[in-house]
There are 2 protein chains.
Amino acid sequence: MPKLQQVYVMDNLHRLFFKAFSNQTRLEIIQLLKKKPLTVTEICEKTGFEQSRVSHNLRCLEHCGFVKITQNGNFREYALDGETIIPIVDLFEKHIQKYKERLENCGVIKDD
Amino acid sequence: MPKLQQVYVMDNLHRLFFKAFSNQTRLEIIQLLKKKPLTVTEICEKTGFEQSRVSHNLRCLEHCGFVKITQNGNFREYALDGETIIPIVDLFEKHIQKYKERLENCGVIKDD
DNA sequence: TAGCAATATGATAAAGTTATCATATGCCTA
DNA sequence: TAGGCATATGATAACTTTATCATATTGCTA
């Protein structure tokens with residue numbers, strides 16, 4: 001029995017949205033940008049990540065509407081789109097604090 | 001320059017938490033359980049997914065604190081832990097509505 | 001306008017995740 | 001307690017995601 005198209009599309013978008021969050025590189029970038037907007041180079045310095053790694057993942061975050069870019073001469077400043085992202089991240093803290101131990105032993109999702 | 005352990009652990013837990021959401025099987029299960037608690041068999045029937053696929057993913061959801069189990073004779077009833085999960089899912093709708101098109105063309109995350 | 005700094009992009013190997021199949025366990029009821 | 005239904009678990013092949021390397025592009029500034 002096929003699902004309604006609308007339902008399927010919504011599920012798929014949810015999934016994409018969460019995937020954007022479910023990677024350490026992107027999460028660290030989000031945490032940094034929560035404090036203030038930064039350029040690619042600044043993000044590289046603060047995280048120690050390779051430049052292309054940062055660029056690739058910023059591109060992903062931009063596609064997903066998580067960050068906005070301001071061109072500033074030779075630099076590009078990336079800022080969090082605070083409207084929904086910050087409230088969401090904050091909501092998690094509560095849950096994560098509560099389920100720390102279990103999350104660390106899921107088995108399906110790898111904890112490295 | 002090594003990161004503080006505490007910071008790292010938090011990021012990692014965030015990541016695990018979001019991964020739990022970022023899969024279609026689990027999302028469909030969550031959407032179903034949002035309406036009412038169900039047994040494994042009922043979830044299989046409603047989704048058309050294989051039994052072991054459902055079981056594996058329920059196990060993941062339980063580890064992550066998303067669902068609670070009530071043994072009921074031969075059956076096990078799975079219920080959403082509504083305290084944080086439902087508010088989070090609801091928060092997304094807003095963001096997803098706004099960024100539909102972009103999410104569909106991310107490039108880093110695959111849209112299948 | 002040449003050269004450099006900042007950022008982006010493409011291809012790919014390695015790592016991680018998923019569904020599936022086969023099988024195991026647990027709990028009823030006859 | 002035997003048999004069957006409901007659910008769980010383990011191993012694995014197929015698929016997806018990731019970081020990395022090499023290279024391209026863009027915009028300053030001398």
Side-chain angles (χ1 to χ4, degrees), chain A residues 11-12 15-30 33 37-64 67-79 103-112, chain B residues 11-12 15-30 33 37-64 67-79 103-112:
Chain A
D11 274 343
N12 204 31
R15 192 175 58 75
L16 291 176
F17 181 76
F18 283 110
K19 266 192 203 297
F21 269 117
S22 65
N23 154 290
Q24 197 190 331
T25 305
R26 293 194 289 274
L27 269 177
E28 289 200 28
I29 292 175
I30 289 168
L33 295 182
L38 296 170
T39 66
V40 177
T41 305
E42 287 170 326
I43 295 171
C44 290
E45 281 163 2
K46 282 175 191 288
T47 57
F49 297 152
E50 276 243 352
Q51 180 266 318
S52 72
R53 176 174 172 188
V54 170
S55 272
H56 277 302
N57 282 289
L58 281 171
R59 184 164 167 284
C60 169
L61 289 175
E62 206 242 327
H63 264 293
C64 298
V67 299
K68 295 218 182 312
I69 308 175
T70 314
Q71 186 86 27
N72 186 357
N74 218 341
F75 298 83
R76 305 186 115 199
E77 200 160 65
Y78 282 86
L103 279 163
E104 275 159 355
N105 293 292
C106 174
V108 172
I109 295 168
K110 199 161 182 183
D111 183 10
D112 44 36
Chain B
D11 274 344
N12 204 31
R15 192 175 60 74
L16 290 176
F17 181 77
F18 284 110
K19 265 192 206 296
F21 271 117
S22 64
N23 154 289
Q24 196 189 332
T25 304
R26 293 194 288 274
L27 269 177
E28 289 200 30
I29 292 174
I30 290 169
L33 295 183
L38 295 170
T39 67
V40 177
T41 305
E42 287 170 326
I43 295 171
C44 290
E45 281 164 359
K46 283 175 190 286
T47 57
F49 296 153
E50 274 244 354
Q51 180 267 317
S52 71
R53 175 177 175 186
V54 171
S55 273
H56 278 302
N57 282 290
L58 282 170
R59 185 165 166 283
C60 168
L61 290 175
E62 205 241 328
H63 264 293
C64 298
V67 299
K68 296 220 183 309
I69 308 176
T70 313
Q71 187 86 28
N72 187 357
N74 218 342
F75 296 84
R76 307 185 114 200
E77 198 159 67
Y78 282 85
L103 280 163
E104 275 160 353
N105 292 292
C106 175
V108 172
I109 296 167
K110 198 161 180 183
D111 182 12
D112 43 39

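What you see is a predicted model; the values in this text were computed from it and never measured. Proteins get letters first, then strands, A, B, ... in listed order; numbering begins at 1 in each.
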Could you give the CD-to-C1' distance, from B/Glu77 to D/dA8, as a whole number of Å?
18 Å

Quick one: B/Phe18 CZ to D/dT17 P, roughly how many Å, whole number?
17 Å

By nearest-nucleotide position on DNA chain C, the 5'-leaning member of B/Val54 and A/Ile69 is A/Ile69

Separation of C/dT25 atom C1' from B/Arg59 atom CZ, nearest Å, is 14 Å

Could you check which of C/dT18, D/dT7, D/dA11 has an atom nearest any side-chain atom of B/Ser55?
D/dT7

Letter per nucleotide, 5' to 3', of nucleotides 24-30 of chain D [B base touched, S only sugar-phosphate touched, - untouched; heavy atoms, 4.0 Å]
---BS--

Can you measure B/Phe75 atom CZ to C/dC27 atom P for me and round it to whole angstrom units?
14 Å

In whole angstrom, what separates B/Arg15's CZ from D/dA19's C1'?
14 Å

B/Asn72 and B/Thr39: CA distance, side-chain angles, deciding distance, side chain to side chain contact (heavy atoms under 4.5 Å, CB included) verdict:
CA-CA 9 Å; B/Asn72 187 357; B/Thr39 67; over 6 Å; no

Kindly say whether B/Lys19 contributes a backbone atom to a donor-acceptor pair with the side chain of B/Ser22 at under 3.5 angstrom?
yes

Checking D/dA19, D/dA6, D/dT17 against the side chain of A/Lys19 (C-beta onward), the nearest is D/dT17

If you take all heavy atoms of A/Cys44 and A/Val54, which pair is closest and at what distance?
SG-CG2, 3.8 Å

Among C/dT20, D/dC21, D/dA19, the nucleotide that comes nearest once only the side chain of A/Ser52 is considered
D/dC21

Quickly work out the B/Glu45 CD to D/dA6 P distance and round it to whole Å.
9 Å

As a test of reading the structure: which of C/dA8, C/dT18, C/dA19 is closest to the side chain of A/Arg76, going by heavy atoms?
C/dA8

Check this one for me: any side-chain N or O of B/Arg53 less than 4.0 Å away from OP1 or OP2 of C/dC21?
no

Rounded to the nearest angstrom, tell me the gap between atom CD in B/Glu62 and atom P in D/dT7.
15 Å

Which atom of A/Leu27 lies closest to which atom of B/Arg15, heavy atoms considered:
CD1-N, 3.3 Å

Between A/Ile43 and A/Thr47, which heavy-atom pair has the shortest distance, and what is it?
O-OG1, 2.7 Å

Can you tell me if B/Thr39 touches the phosphate of D/dA6, counting only side-chain N or O atoms and a distance under 4.0 Å to OP1 or OP2?
no

Determine: side-chain N/O of A/Asn23 to OP1/OP2 of D/dT18, distance under 4.0 Å, yes or no.
yes

Residue B/Tyr78, side-chain heavy atoms: nucleotide from D/dT7, C/dT7, D/dC21 that is nearest:
D/dT7

For A/Gln71 and A/Gly73, indicate whether the former's side chain and the latter's backbone hold a donor-acceptor pair under 3.5 Å.
yes

Working note: A/Tyr78 + A/Leu38, criterion side chain to side chain contact (heavy atoms under 4.5 Å, CB included); need CA distance, chi angles, decisive distance, verdict.
CA-CA 5 Å; A/Tyr78 282 86; A/Leu38 296 170; over 6 Å; no

So A/Phe18 and B/Phe18, would you call those rings parallel, tilted or perpendicular, with 30° and 60° as cut-offs?
tilted

Side-chain atoms of A/His56 come closest, of D/dT20, D/dA8, C/dT7, to D/dT20

Any N/O donor-acceptor pair, A/Gln51 side-chain to C/dA8 base, under 3.5 Å
yes

From CG of A/Leu27 across to P of D/dT18 the rounded distance in Å is 11 Å

